[in-house]
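To start, the structure itself, in structure tokens.
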2 protein chains.
Amino acid sequence: MARIENLNLSQQVTNELGRAIIAGEFNAESGLPTEAQLCDEYGISRTAVREAVKMLAAKGLISSRPRQGIRVEPASNWNLYDTSVLKWMLDSSPSMLVLKEFLQMRMAIEPQAAALAAEYGTDEDIQHIADALDEMNKAAADPKASMHEADLAFHTSILFASRNRFFFQLRDFIRTALSVSIQHTTPAKGNDMGVAEDHAKIYTAILNRQPERAKNMMTYLIDEAMTFIEAEIKGAK
Amino acid sequence: MARIENLNLSQQVTNELGRAIIAGEFNAESGLPTEAQLCDEYGISRTAVREAVKMLAAKGLISSRPRQGIRVEPASNWNLYDTSVLKWMLDSSPSMLVLKEFLQMRMAIEPQAAALAAEYGTDEDIQHIADALDEMNKAAADPKASMHEADLAFHTSILFASRNRFFFQLRDFIRTALSVSIQHTTPAKGNDMGVAEDHAKIYTAILNRQPERAKNMMTYLIDEAMTFIEAEIKGAK
DNA sequence: ATTACACATATTGTATTATAATATGCTTTA
DNA sequence: TAAAGCATATTATAATACAATATGTGTAAT
């Protein structure tokens, strides 16, 4: 087990087991080792093992019952919107497989969020979007600055401005999806300014309280990534 | 504590504390009682209390550190897509407040899911949609049959047919949103047949592999509920 | 007076042991 | 063959002890 400083024992075991479960290292029928076996394996007390098991159960990965042991739940029950679960997923499966699914989700969430931001975002919310856009422009001019971080901040600030807690709750998911997306599309760019302009159009639409336009501009932005990825998938065949 | 048969102790405490946290019964600054106090309060061992605390921490509701105690996390960290968390939320806050947010999310997710279903759903997936539609038609004719259940099955089957695990993962969320939605819109209906026809149009579009049309029909369906709710909110003022 | 250091203290973190509850399979019996 | 009961493996809960970790307090040094 990779002992990580600053995390307590049960959290480390949670990490290790969570990763292993999602990587498919446990047979779905036979399930996990018993608590006693896990104690031996990791050289820790049952207290720590049980707390780890409870945390994984809370995330929908496993369930445990007396005499039956610890079973892996069907993947359809895993809480994919849990940050840890999402991380374990990306660690284990080649990101190309989920990249398209990510983009499909972004295509559902972000245009709608942009429209809601245009309709309900406060002036302060919209100022935060402007701030992120400024950072992106700076980064486009100055290679030292981080375009990536500014990009994430831009999209997150729009989720926040939607004034809908369910949209904002997806910020980690969207950030992850966006990061993976960027990693795959960046090689082909060289047009930082063009991307920045596309983002600016979204911001302007929100500022001018044009929900439909904001939605369309966001759809366009994501569709560019989608087109690129589909070509890449096709090419890989 | 309402002791529920068939749930073990730590799960019952998790339920009770989760409910109380989301209902705002704990001061955000002072946090929760210490483990020792919780033991006294519920008359249970530290083992059970700690396991409950770990489960709640896994859902993002709390965090605990030595010497500092158990703190309530900011609501923005709560995992709203966890079924339990969602349930606690609906139990505590008047559903009217979240109903519009639910509909905004449905408006993002479901039209896109319908489009994906039309593009990627297998024939078998689409048959399941047809089955649910049949049930809805039966229920429209026969008052004994449950329209509600058939309606939920219809929407769920489309999420499944999207062939995107992130969409399907939202099934509990969508089902909850839809249930709340129905509770508020049903009084004004009397047009079960009209609703069933709207659903049929979505199905037909998916069957004929028309993603755009499927999306539009689903948008129309949800927009009807949205219009109704907005009128109700306006009327309540 | 202010800073730095050490120490006391409260609270969670981990370990250990013991017992209870529960479900599964096997054996016995009718 | 079926039903009842018993053995057993595994998790569930409890109780106790000690370790680790922050937080504040007081004391000493500058």
Side-chain angles (χ1 to χ4, degrees), chain A residues 1-18 20-21 26-73 77 84, chain B residues 1-18 20-21 26-73 77 84:
Chain A
M1 176 173 53
R3 302 240 169 176
I4 301 160
E5 278 314 309
N6 160 19
L7 279 188
N8 59 37
L9 253 185
S10 57
Q11 285 171 325
Q12 291 179 43
V13 176
T14 303
N15 258 299
E16 179 58 21
L17 285 178
I21 289 166
F26 296 109
N27 206 318
E29 349 142 1
S30 64
L32 273 71
T34 65
E35 291 179 358
Q37 287 172 312
L38 289 172
C39 291
D40 283 355
E41 232 170 272
Y42 292 111
I44 59 180
S45 71
R46 253 189 92 194
T47 309
V49 166
R50 281 187 60 81
E51 288 178 359
V53 165
K54 290 296 179 186
M55 285 191 275
L56 292 170
K59 293 173 190 295
L61 266 52
I62 58 178
S63 64
S64 67
R65 282 160 56 190
R67 166 78 216 200
Q68 178 190 331
I70 305 166
R71 288 188 329 183
V72 177
E73 286 285 301
N77 286 137
S84 309
Chain B
M1 178 172 51
R3 303 241 169 174
I4 302 160
E5 276 316 307
N6 156 19
L7 279 188
N8 59 37
L9 252 186
S10 57
Q11 284 170 324
Q12 291 178 41
V13 176
T14 303
N15 257 300
E16 180 57 22
L17 285 177
I21 289 165
F26 296 110
N27 207 318
E29 349 142 1
S30 62
L32 274 70
T34 65
E35 290 179 358
Q37 287 172 313
L38 289 172
C39 291
D40 284 354
E41 232 170 274
Y42 292 111
I44 58 178
S45 72
R46 250 188 95 194
T47 308
V49 166
R50 283 186 59 81
E51 289 178 0
V53 165
K54 291 296 179 185
M55 286 191 274
L56 292 169
K59 293 174 188 298
L61 297 187
I62 58 178
S63 65
S64 67
R65 282 161 56 192
R67 167 77 216 205
Q68 180 191 327
I70 306 167
R71 288 188 329 183
V72 177
E73 286 285 300
N77 287 136
S84 309

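Reckoned from all heavy atoms, side chains included, excluding hydrogens, waters and symmetry mates.
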query = Among dT14(C), dG13(C), dT10(D), which is the nearest nucleotide to the side chain of S10(A)?
reply = dT14(C)
message = Just the rounded figure in Å: distance from P of dT17(C) to CD of E35(A).
response = 16 Å
note = Whole-Å distance, E51(A) CD to dT11(D) P, equals 16 Å
request  = Can you tell me the distance, in whole Å, between the CG atom of L7(A) and the C1' atom of dT21(D)?
outcome  = 15 Å
key: Nucleotide dA20(D), atom P - distance to CG of N8(A) in whole Å   = 14 Å
query = In dot-bracket form, how is DNA chain C paired, counting a Watson-Crick or G-U wobble pair only if both its distances are under 3.5 Å and using | for bases paired to another strand?
reply = ||||||||||||||||||||||||||||||
ask   = Can T47(A) and T47(B) be said to form a side-chain contact (heavy atoms from CB on, under 4.5 Å), step by step?
value = CA-CA 8 Å; T47(A) 309; T47(B) 308; over 6 Å; no
ask   = So which nucleotide from dA14(D), dT24(C), dA21(C) ends up closest to the side chain of L9(B)?
value = dA14(D)
task = Specify the residue among R65(B) and R65(A) whose closest nucleotide of DNA chain C lies further upstream toward the 5′ end.
result = R65(B)
key: Gap between atoms CD1 and C1', on I70(B) and dA22(D) respectively (whole Å)   = 16 Å
message = So if I apply the side-chain contact (heavy atoms from CB on, under 4.5 Å) rule between L32(B) and each of I70(B), L56(B), L61(B), V53(B), which one comes out positive?
response = I70(B)
ask   = If you check the R46(B) side chain, which of dA21(C), dT12(C), dT13(D) turns out closest?
value = dT12(C)
Rounded distance (Å) that lies between atom P of dT10(D) and atom CG of L32(A) = 13 Å
ask   = Rounded to the nearest 0.5 Å, what separation is found between the NZ atom of K54(B) and the CD atom of Q11(A)?
value = 5.5 Å
remark   = When rounded to whole Å, the CD1 to P distance for the pair I62(B) and dT11(C) reads 16 Å
key: 5′-ward residue of the pair R50(A)/R67(B) relative to DNA chain D   = R50(A)
task = Could you check which of dA12(D), dA15(C), dG13(C) has an atom nearest any side-chain atom of K54(B)?
result = dG13(C)
ask   = CZ of R71(B) versus P of dT12(C): gap in Å, rounded?
value = 13 Å
task = Take Y42(B) and Q12(B) through the side-chain contact (heavy atoms from CB on, under 4.5 Å) test and state the conclusion after the steps.
result = CA-CA 10 Å; Y42(B) 292 111; Q12(B) 291 178 41; over 6 Å; no
query = Counting distance only, does the side-chain N/O of Q37(B) pair as donor-acceptor with the main-chain N or O of T34(B) below 3.5 Å?
reply = yes
key: R50(A)/R50(B) under side-chain contact (heavy atoms from CB on, under 4.5 Å): CA gap, chis, key distance, verdict   = CA-CA 10 Å; R50(A) 281 187 60 81; R50(B) 283 186 59 81; over 6 Å; no
ask   = Given the rule in the side-chain contact (heavy atoms from CB on, under 4.5 Å) test, do L38(A) and V13(A) qualify, once you have shown the distances and angles that lead to the verdict?
value = CA-CA 10 Å; L38(A) 289 172; V13(A) 176; over 6 Å; no
request  = Looking at every strand, decide which applies to S64(B) at a 4.0 Å heavy-atom threshold: base, sugar-phosphate, or nothing.
outcome  = sugar-phosphate
ask   = If you check the S45(B) side chain, which of dT13(D), dG13(C), dT24(C) turns out closest?
value = dT13(D)
